[in-house]
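Presented below is the structure to which this report refers.
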Amino acid sequence: MVGYIAYGCGGRKTGVEERQLLGARFLAVSLAAARRPMGPVALHQARRAAGRLAELGVRRAVFPQEFPYMSIFARRGICPVETLPLRQALAVPLVRRRLAELGIAPTQAVAAVSAARLSREVAETVTALALCYRYVMLHVPSGGGELARSLRREYGVSLLLDPGAEQLDRADALLLFAPRGDLTQTNPVFYALYPGGETGAGRLPLPLPEGLGEAVETNCEGEQLTAALWQMGVITKEAILSEIP
């Protein structure tokens, strides 16, 4: 079960209640904003709320923005819903959309991927790009050659391996699965698909489904909620894509 923490919305109840959003069930707790967030009373209430959720088996939750008690919940094994898997799943469809909007044909576009290792997510992304575009570059420390041979054998497509920084900078679309300090990151299409990448220039947004913003608190971490609903099978990747301008 996924938790939902509301903060600063009135009331001081720390009991757990069921909350439904788009038909998805969350175990919710509500904490009022305290004059002294680190005072003994406020800390006791936060610990009690975290303890109740942990006892009910909650291990991930949708948190408010700037939540002062994150460490208390983390100590009880309750972490924020991860948004990175959804961002990675949306990357290739968004690349296709953006390059089409720029008028760059699949036979002319150059797509590039750089990663610290050849994870399953990286391999799936490269494969999807190679099936869409003639020119795909891949930079990984190892494993690239094996993937390239597999793609050539199964689909008859080829990869350009180990491109230099200048080649990556010239790509029409660049997907980074690990930070790179030697790139300009000014490609026409650029997404940073690693932890922390959602805060920089390569941010891939995760909008709330239409109408849901009115049903949640204004300080709800909406991208966590969108990711939770996707992971729970309530909304599809296509529905989220339709909300991204």
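Residues: numbered from 1 along the sequence shown. Everything quoted here is computed from the prediction, not taken from an experiment.
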| field | Candidate pair Arg180 and Tyr194, rule side-chain contact (heavy atoms from CB on, under 4.5 Å), full reasoning | value | CA-CA 11 Å; Arg180 289 281 300 258; Tyr194 51 82; over 6 Å; no
Determine whether [X] and [Y] make a side-chain contact, defined as any pair of heavy atoms from C-beta on separated by less than 4.5 Å.
| X | Y | answer |
| --- | --- | --- |
| Val140 | Val126 | no |
| Ile244 | Leu90 | yes |
| Val136 | Val110 | no |
| Cys79 | Arg60 | no |
| Pro106 | Arg134 | no |
| Val95 | Tyr133 | yes |
| Arg47 | Phe73 | no |
| Cys220 | Gln224 | no |

Within 6.0 angstrom of [X] [atom1], more than 12 heavy atoms from elsewhere:
| X | atom1 | answer |
| --- | --- | --- |
| Glu66 | CD | no |
| Gln20 | CD | yes |
| Arg117 | CZ | no |
| Glu214 | CD | no |
| Glu166 | CD | no |

Distance in Å, [X] [atom1] paired with [Y] [atom2], rounded so as to fall on 0.5 Å steps:
| X | Y | atom1 | atom2 | answer |
| --- | --- | --- | --- | --- |
| Phe177 | Glu121 | CZ | CD | 7.5 Å |
| Leu43 | Arg48 | CG | CZ | 15.0 Å |
| Phe26 | Met1 | CZ | CE | 9.5 Å |
| Gln65 | Thr218 | CD | OG1 | 8.0 Å |
| Leu86 | Lys237 | CG | NZ | 9.0 Å |
| Asp172 | Phe190 | CG | CZ | 14.5 Å |

For residues [X] and [Y], report the shortest heavy-atom separation together with the two atoms involved.
| X | Y | result |
| --- | --- | --- |
| Val2 | Ala228 | CG1-CB, 4.5 Å |
| Ala115 | Pro141 | O-CD, 3.5 Å |
| Gly3 | Val58 | N-CG1, 3.6 Å |
| Gly143 | Leu118 | O-CD2, 3.2 Å |
| Glu243 | Pro207 | CB-CG, 3.6 Å |
| Ile78 | Ala61 | CG2-CB, 3.9 Å |

Donor-acceptor contact present, side-chain [X] to main-chain [Y], <3.5 Å:
| X | Y | answer |
| --- | --- | --- |
| Asn187 | Ala171 | yes |
| Ser114 | Leu176 | no |
| Glu198 | Gly196 | yes |
| Arg97 | Leu241 | yes |
| Gln231 | Glu82 | yes |

| message | Before you tell me yes or no, could you show the steps for Arg152 and Ser158 under side-chain contact (heavy atoms from CB on, under 4.5 Å), namely the whole-Å CA-CA distance, both residues' side-chain angles and the distance that decides it to 0.1 Å? | response | CA-CA 6 Å; Arg152 179 178 290 277; Ser158 59; 3.1 Å; yes
| Does the pair Glu223 and Arg203 meet the rule for a salt bridge (charged side-chain N to carboxylate O under 4.0 Å, His left out), with working shown? | CA-CA 12 Å; Glu223 297 196 343; Arg203 178 177 180 271; 2.4 Å; yes
| field | Lys/Arg N to Asp/Glu carboxylate O, Arg149 vs Glu146, below 4.0 Å | value | no
| query | Salt-bridged, Arg19 to Glu217, with N to O below 4.0 Å? | reply |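 Looking at Glu217 together with Arg19, the answer is yes, because their closest N to O distance falls below 4.0 Å.
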| message | Applying side-chain contact (heavy atoms from CB on, under 4.5 Å) to Trp230 and Leu206, what does each step give before you reach the verdict? | response | CA-CA 11 Å; Trp230 174 69; Leu206 301 179; over 6 Å; no
| request: Verify whether the ring centers belonging to Tyr7 and Phe63 lie closer than 6.0 Å. | output: no
Is there a path of hydrophobic side-chain contacts, each under 4.5 Å between heavy atoms, that joins [X] and [Y]?
| X | Y | value |
| --- | --- | --- |
| Leu129 | Tyr135 | no |
| Val62 | Val16 | no |
| Phe67 | Leu27 | yes |
| Leu193 | Leu183 | no |
| Leu151 | Leu175 | yes |

| Given the rule in the side-chain contact (heavy atoms from CB on, under 4.5 Å) test, do Leu168 and Asp182 qualify, once you have shown the distances and angles that lead to the verdict? | CA-CA 10 Å; Leu168 294 174; Asp182 59 337; over 6 Å; no
